[in-house]
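Keep in mind that this is a model prediction, so the values were computed, not measured. Order of the sequence lines fixes the chain letters, A, B, ..., with proteins taken first and strands second; residue numbering starts at 1 for each chain.
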Protein chains: 2
Amino acid sequence: MRIEDEIHQKEFKDDYRRLMANLLFTNNWLNQQLIPFFKGLGLTLQQHNVLAILRGQHPEPVCFGDIQNRMVDRNSNVTRLIDKLIEKGYVTRDICQTNRRMIEVRITETGLKKLQEVDAMFPSLMERFHNLSQEEAVLVSNLLDKLRG
Amino acid sequence: MRIEDEIHQKEFKDDYRRLMANLLFTNNWLNQQLIPFFKGLGLTLQQHNVLAILRGQHPEPVCFGDIQNRMVDRNSNVTRLIDKLIEKGYVTRDICQTNRRMIEVRITETGLKKLQEVDAMFPSLMERFHNLSQEEAVLVSNLLDKLRG
DNA sequence: ATCATATATTTGTATAGACAAGTAATGTAT
DNA sequence: ATACATTACTTGTCTATACAAATATATGAT
């Protein structure tokens, strides 16, 4: 459905403004799919993102700064995110012995199991992207990379 | 910059997951430009969105439901958004006389002036989109429309 | 060794978002 | 006419986000 019809706007001043509205609107559309999906699994998007980052380094730990730099949403408060994940038993935190300012975060077995549970559900989530062919998905992705510069 | 480099991830499981991460990351990038831009003008994105909708109908009023349906971010609480805009003197609200459940919202002269102030700054904001040619902007926009189905 | 500066994480706070429940006016079926 | 459902907006509450300030540790210059 054209963005003009989605937000009942006859036309945009220019193609860049149309793209801006479209990016914001599409992100909302995406969140409306992702938030309930992860909520059903007892996670938020950001919590899942952190777990996936930790799995990538497992069994090595990752410190807060590195977690932040690898997150899709850079605005998240890592301290409070990790607190939630510890409560759920998905990660551990320890003070780094070589630099005591840093915190080492590791994913637990329970956390790995939760990620496997998410993985099993992922294909059904990804179906919503299949309005685009694989080639089109690559094309959009590359153009977004180019947009950000 | 490629999304892989932005979030320090070697590769994605498939092109659709890469697109998903890229959409979320690009939206964050966009918000990091838009939020300070509008903040500098004393508005939030959603407040600006509402004012623009009201200008589109001016001098006719728009009711809450219609505002919600035309907003880029559908999750906004229109009641509280309008409260803020009334405080600032940018809109008025009146009970609709033909259906007393509905609220008629109108933009004021002050609101129109504020929008003119925003318009004057818009070209500088749009420069950040010029990494894409006009044709590419149209292409991405159309593919996003297609993605949502 | 001391002090200033930088780095890494934490905490506080004000505002916004998500979502459920509430209120008031209208429409509809009997 | 009355009761029930629907519509349109409001309010409450809990959580998350944005951003500034605070704390703790490490580094570097004198």
Validation row: B:I3, A:L144 side chains within 4.5 angstrom (heavy atoms)
no
Ignoring hydrogens and angles, tell me if any N or O in the side chain of A:R106 forms a donor-acceptor pair with the backbone of A:L54 under 3.5 Å.
no
Check this one for me: any side-chain N or O of B:Q68 less than 4.0 Å away from OP1 or OP2 of D:dA8?
no
Want to settle it: does B:R101 or A:I35 sit nearer the 5' end of DNA chain C, counting the closest nucleotide to each?
A:I35
Which whole-number value in Å describes the distance from A:L81 CG to D:dT17 C1'?
11 Å
Base, sugar-phosphate, or nothing: which does B:T44 touch, judged by heavy atoms less than 4.0 Å apart?
sugar-phosphate
From CG of B:D83 across to C1' of C:dG17 the rounded distance in Å is 16 Å
Short side-chain N/O contact from A:R100 to OP1 or OP2 of D:dT25, under 4.0 Å:
yes
Rounded to whole Å, CG of B:D66 lies from P of D:dC9 at a distance of 8 Å
Taking only the side-chain nitrogens and oxygens of A:K84, find out if one of them lies under 4.0 Å from OP1 or OP2 of D:dA16.
yes
Output yes when B:R18 and B:E4 qualify as a salt bridge under the 4.0 Å nitrogen-oxygen rule, no when they do not.
yes
Name the nucleic acid region contacted by A:N77, choosing base, sugar-phosphate or nothing; use a 4.0 angstrom heavy-atom cut-off, strictly under.
base
Of B:E104 and A:R80, the one whose closest nucleotide on DNA chain D sits nearer the 5' end is B:E104
Closest to the A:I103 side chain: C:dG17, C:dT9, C:dT26?
C:dT9
A:K39 side chain N/O closer than 4.0 Å to the phosphate oxygens (OP1, OP2) of C:dC19?
yes
Pair A:L147, B:F129 - check side chain to side chain contact (heavy atoms under 4.5 Å, CB included), show working.
CA-CA 6 Å; A:L147 167 62; B:F129 280 78; 3.7 Å; yes
Assert: residue with more 5' nearest nucleotide on DNA chain D, out of B:N28 and B:R93, is B:R93
Using a cut-off of strictly less than 4.0 Å, decide whether A:N75 has a side-chain nitrogen or oxygen near OP1 or OP2 of D:dA18.
yes
